[in-house]
Amino acid sequence: MAALDELTTKAPAGPPPRRRLGPGRALVGAGRRMWRWLTSMRTALILLFLLALAAIPGSLLPQRNLNIDKVNQYLRQHPTLGPVLDHLWAYNVFSSPWFSAIYLLLFISLVGCVIPRLRAHIGAVMRVPPDAPSRLERLPAHAEGLDLPGDPATVAGRLSDLLRGRRFRVEVREQADGGRTVSAEKGHLKETGNILFHFSLLAILIAVALGSWYGYHADRLVVQGSDQGFCNTLQQYDQYGLGARVSPGSLEPFCLDLTSFEARYLANGEPSVYKAFVDYTIGDGPAKSTVIRVNHPLRLSHARIYLLGTGYAPVVKYTDRYGHSQTEVAPFLSTDAMQTSSGVIEFPDANVDPAKGVDPNDKRQVAFSGIFLPTVPSDPSVGHSAFPAERNPALMLTMYQGDLGLDAGIPTSVYSLDQHQIDTGRLKKVGDPIQLKPGQAKTLQDGTKIQFLGTRPWAAMQVRYDPGETLVLIGAVCLLVGLIVMLLGRRLRVWFRVPPQGPVTAGALARSVYPGFLTEFESIVEEARAGQSRPTPRGTQ
Amino acid sequence: MAALSDHLLVLAILAYALAMLTYAAEYAFSNRGMVARVAVRERPRELVAAGAPVGTGGPLDEPGPVDLAKRPAPAGPAADPRVATWAGRAATALTLLGWLAQLGCLMARGFAAHRVPWGNMYEFVLAVTLVGATAWLVLLIRRPSIRPLGLFVALALVILLGIDGVKLYTPVAPLVPALNSYWLKIHVTAAVTASGILMVGFVAAALTLVRTGYEAGKTRFPYSLGARLPAADGLERLAFRLHAFAFPIWTFAIICGAIWAEAAWGRYWGWDPKETWAFVAWVIYAGYLHARATPSVKRTIATWIAVIGWGAMMINLFVVNLVVSGLHSYAGVG
Ligand code: HEM
């Protein structure tokens with residue numbers, strides 16, 4: 001039964017357990033047992049299950065990496081449970097220690113399992129097929145009493161040709177009694193597929209790790225215009241995430257600006273086309289122009305630049321009480337699908353007396369909080385835009401004057417006023433809201449003047465670099481190929497025993513008795529009979 | 001076109017429901033001889049004998065040929081083989097009719113919307129059940145002995161299509177632009193195919209459990225259904241083959257989805273709820289194949305894992321699309 005055992009052994013067995021061990025030996029023994037437990041298929045199964053289970057909370061609770069606002073909202077709504085869950089990494093499930101522990105254990109198990117298998121497999125591929133077991137009739141498929149004429153050597157030769165023709169690897173052995181055994185084997189590809197599959201899993205894990213260590217991503221809102229572009233340095237981003245091994249100085253040196261933006265919408269307001277026309281330079285290279293669309297990022301040699309969204313940036317000219325005018329371009333964020341947008345326009349240098357300079361105790365800085373509607377609805381009291389494109393645009397502004405609170409050194413949002421300054425009375429609302437059409441100007445209550453010059457489009461861009469990506473893709477393709485080969489592969493061993501005299505016996509063994517197993521064995525036996533009893537191959541019976 | 005599609009859906013559901021009834025009639029009227037006659041597919045074998053497992057047994061799974069008619073099914077009180085034969089034929093014909101109506105329904109939708117007809121959740125479920133029905137018909141042609149499963153396949157089709165028509169119905173509309181991508185079409189097609197086959201695989205796995213319980217002598221409700229089912233080990237092998245066929249397709253679907261996500265969102269994997277559940281289902285099915293290849297794990301446990309895998313697929317389809325919101329603006333259910 002040597003052949004049987006060999007075919008069904010999963011992994012090399014450890015050394016037999018010893019009695020009466022010294023402390024050192026006991027430790028080694030315990031370590032060995034642990035290792036054997038960890039690398040058993042049963043443990044792999046348990047770990048796989050735990051992995052699936054552990055991923056579930058990540059889909060049910062809000063996650064910081066997906067939507068930090070939802071996490072904060074959840075924390076506000078669940079004041080007792082929320083923080084407890086936070087301590088358990090429930091909002092960062094996929095980077096939590098327990099999730100990592102499960103997949104790392106799984107992959108250690110995988111290494112411990114696959115490397116011995118690889119070694120055993122290489123051995124098996126190099127080895128000739130093993131000799132026939134002594135009693136073929138005990139195999140799951142067998143045939144007796146095959147009457148094949150000729151001396152053992154000739155019969156064995158013909159059987160071996162037949163099996164080679166069926167893509168078996170064949171070995172003929174002469175027995176002590178002058179008989180022959182023919183051993184044939186095929187289907188090493190199945191095990192090759194299995195090993196490829198499991199190694200691909202490892203490759204993917206390593207590639208994902210590479211990507212998270214050496215990759216980065218950053219967001220930037222780019223307003224149209226050559227004065228509004230940005231370069232790939234951290235200071236110029238609204239938000240970014242760097243891998244653990246990325247230094248800020250090593251980012252790919254490119255600069256980009258938005259020359260124009262094209263947006264088209266269906267009748268129901270859903271966007272059908274977003275196109276960002278951009279100019280970019282790499283290092284000291286020449287400027288190039290290209291188009292970035294949704295689903296079609298700009299791919300530089302490292303970084304890729306994605307178009308995520310768009311909106312409007314009103315352009316406003318303000319003339320202060322000293323006759324000094326300034327123009328600001330302020331991107332507004334859309335608050336609904338129809339591009340109702342809100343934002344603020346700040347003039348921190350307004351109303352500075354040219355004779356006296358800034359008086360820190362009596363600041364007269366100016367800001368406007370605004371709502372922009374690209375299409376004012378037929379009923380203007382609705383307050384929401386009726387369509388995302390600019391069909392009937394209008395800008396609603398409320399003026400504030402006082403200290404904007406920009407000097408405190410605390411980073412503030414550029415899309416809303418500092419509520420603290422308003423609450424403490426340092427920033428006061430002035431007059432009633434005004435509405436402006438593009439080009440329209442109005443004189444405000446205090447005699448200063450505001451003019452709405454129009455809007456410029458902006459594009460939300462994301463810059464990403466993930467050095468592991470190609471390897472992940474290669475890993476995924478290998479995984480799929482390995483999987484298909486593994487599941488399609490048929491591992492089969494066939495033996496013929498040709499005694500010096502009398503009928504031939506045959507037997508076959510498959511690692512798993514696949515559906516066509518018996519049929520295949522039958523057809524081999526049939527062919528052996530037909531081929532041996534008639535001179536013409538494939539004669540009908 | 002859109003109205004035609006809606007009518008055809010009703011026709012398909014009716015046909016499957018009738019098929020279910022006739023399958024049930026066949027089930028009730030068939031007797032042992034009948035089941036055995038349908039089930040015998042072995043050719044007489046004078047040459048090759050099927051031996052018992054060798055020695056200690058070991059992980060030599062599946063000895064012997066597929067024999068679905070090993071266990072005699074007790075004859076029902078009203079056993080009438082002729083009724084059963086006719087009911088069986090009618091059931092197959094009705095299933096075919098339902099399939100044709102469903103195919104027409106999906107194609108009419110495609111023509112009405114001028115695009116591939118799996119662009120929202122309603123159409124996705126239509127397509128999945130169509131693949132499931134196709135897989136069932138192909139199996140039935142290749143192996144008539146599995147016909148007793150038809151009752152349960154038709155039940156699954158009626159339930160899914162019923163939920164689809166009542167709860168998920170969406171009028172014909174053009175595709176959301178972000179979904180209009182070449183990789184996405186491949187991704188969704190693969191996901192539909194895998195899900196449809198896994199649906200039939202689930203029916204086979206669940207019935208394997210029922211039949212195993214029946215063969216172990218349990219007589220309580222779900223197990224009593226096992227009386228006229230094919231033998232458990234044949235069913236179990238069928239379930240395995242369906243899953244082994246669908247698993248690479250599901251893997252392919254996930255890979256295509258990742259390629260598309262890379263182009264659309266800048267990352268190939270982001271643990272969005274939809275992605276997370278696709279991963280969970282994948283891991284569970286991998287666990288099933290793994291369990292089945294592990295000698296020390298019982299077949300019943302492995303089969304349970306497959307059933308749980310389908311549970312994860314259903315959660316991904318219904319709970320994630322309708323309850324949990326993510327980046328996948330796919331469902332389109334108002
Ligand atoms: C990391 C997660 C893993 C996944 C997703 C995975 C998946 C799979 C799949 C789908 C199969 C196919 C089973 C079949 O042929 O029907 C398989 C086979 C196998 N796996 Fe894994 N596996 C993983 C980890 C492991 C580990 C850690 C080990 C070792 C302890 C292991 C050992 C094996 C062996 C020995 C087989 C072949 C079984 C046979 O056909 O005889 N796998 N695996």
Side-chain angles (χ1 to χ4, degrees), chain A residues 1 4-5 8 10 41-42 44-45 48-49 51-53 55-56 58-60 63 65-66 93-94 137-144 208 217 266 270-274 294-297 304 306 308 462 464 466 469 472-473 476-477 479-480 483-484 487 509 512-515 518 521-522 525-526, chain B residues 45 47-51 53-55 58-66 174 176-178 180-181 237 241 244-245 247-248 251-252 255 258-260 262-273 276-277 279-280 283-284 286-287 289-291 293-297 305 312 320 324 326-327:
Chain A
M1 284 293 91
L4 233 185
D5 293 343
T8 51
K10 296 289 173 193
M41 277 186 75
R42 227 190 144 96
L45 197 60
L48 267 175
F49 232 115
L51 188 69
L53 219 55
I56 293 175
S59 74
L60 301 180
Q63 295 294 300
N65 59 335
L66 289 179
V93 165
F94 302 105
E137 70 276 11
R138 292 185 63 181
L139 293 178
H142 49 92
E144 286 96 27
V208 170
H217 62 92
L266 304 176
E270 278 194 39
S272 61
V273 174
Y274 278 169
V294 178
N295 287 348
H296 298 274
R304 279 150 310 142
Y306 295 85
L308 298 185
Q462 184 165 66
R464 273 196 176 257
D466 184 344
E469 219 169 66
V472 171
L473 183 61
V477 171
L479 176 133
L480 192 60
L483 183 62
I484 292 171
L487 290 173
L509 183 64
S512 58
V513 180
Y514 53 88
L518 281 179
F521 178 61
E522 255 178 79
V525 173
E526 292 278 331
Chain B
R45 246 185 215 105
L47 195 62
V48 175
V54 195
L60 240 192
D61 41 0
E62 309 170 38
V66 180
V176 182
N180 207 346
S181 143
R237 233 165 296 146
R241 284 168 65 197
F245 187 74
F247 185 69
T251 311
F252 178 69
I255 293 173
I259 293 175
W260 172 62
E262 193 276 333
W265 299 321
R267 84 289 183 295
Y268 54 85
W269 196 266
W271 297 110
D272 174 81
T276 304
W277 278 96
F279 171 81
V280 168
V283 168
I284 295 176
L289 297 182
H290 227 250
T294 309
S296 62
V297 174
I305 299 178
V320 174
V324 186
L327 274 176

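All figures in this text were calculated on a predicted structure; none of them were measured in a lab. Residue numbering restarts at 1 for every chain, and letters A, B, ... go by the order of the sequence lines.
Interface remark: L53(A) contributes no atoms to any contact with chain B (heavy atom separation under 4.5 Å). Using a 4.5 Å cut-off between heavy atoms, R304(A) contacts chain B through its side chain alone, with no backbone atom that close. Proximity to chain A (any heavy atom under 4.5 Å) is restricted, for W277(B), to the side chain, taken from C-beta onward. Contact of V93(A) with chain B is not made at all, since no heavy-atom distance falls under 4.5 Å. For F279(B), the part sitting under 4.5 Å from any heavy atom of chain A is the side chain, from C-beta outward, and nothing else. Using a 4.5 Å cut-off between heavy atoms, H296(A) contacts chain B through its backbone alone, with no side-chain atom that close.
Side chains of F247(B) and T251(B) form a contact here, defined as non-hydrogen atoms less than 4.5 Å apart. Side-chain contact between V208(A) and Y268(B) is present, with at least one heavy-atom pair separated by less than 4.5 Å. Within the 4.5 Å cutoff, the side chain of E262(B) has heavy atoms near those of the Y306(A) side chain.
For the set A44(A), G58(A), A476(A), the count of heavy-atom pairs under 4.5 angstrom toward chain B peaks at A476(A). Counting heavy-atom pairs closer than 4.5 Å to chain B, the top-ranked of the candidates H217(A), E469(A), Q63(A), Q462(A) is E469(A).
Nearest approach of V280(B) to A52(A), heavy atoms of both residues: CG2-O, 3.5 Å. Shown here for P248(B) and L480(A), the closest heavy-atom pair between the two residues is O-CD1, 3.4 Å.
In this structure, F245(B) places its CZ atom where only 12 or fewer heavy-atom neighbours from other residues, nucleotides or ligands lie under 6.0 Å away.
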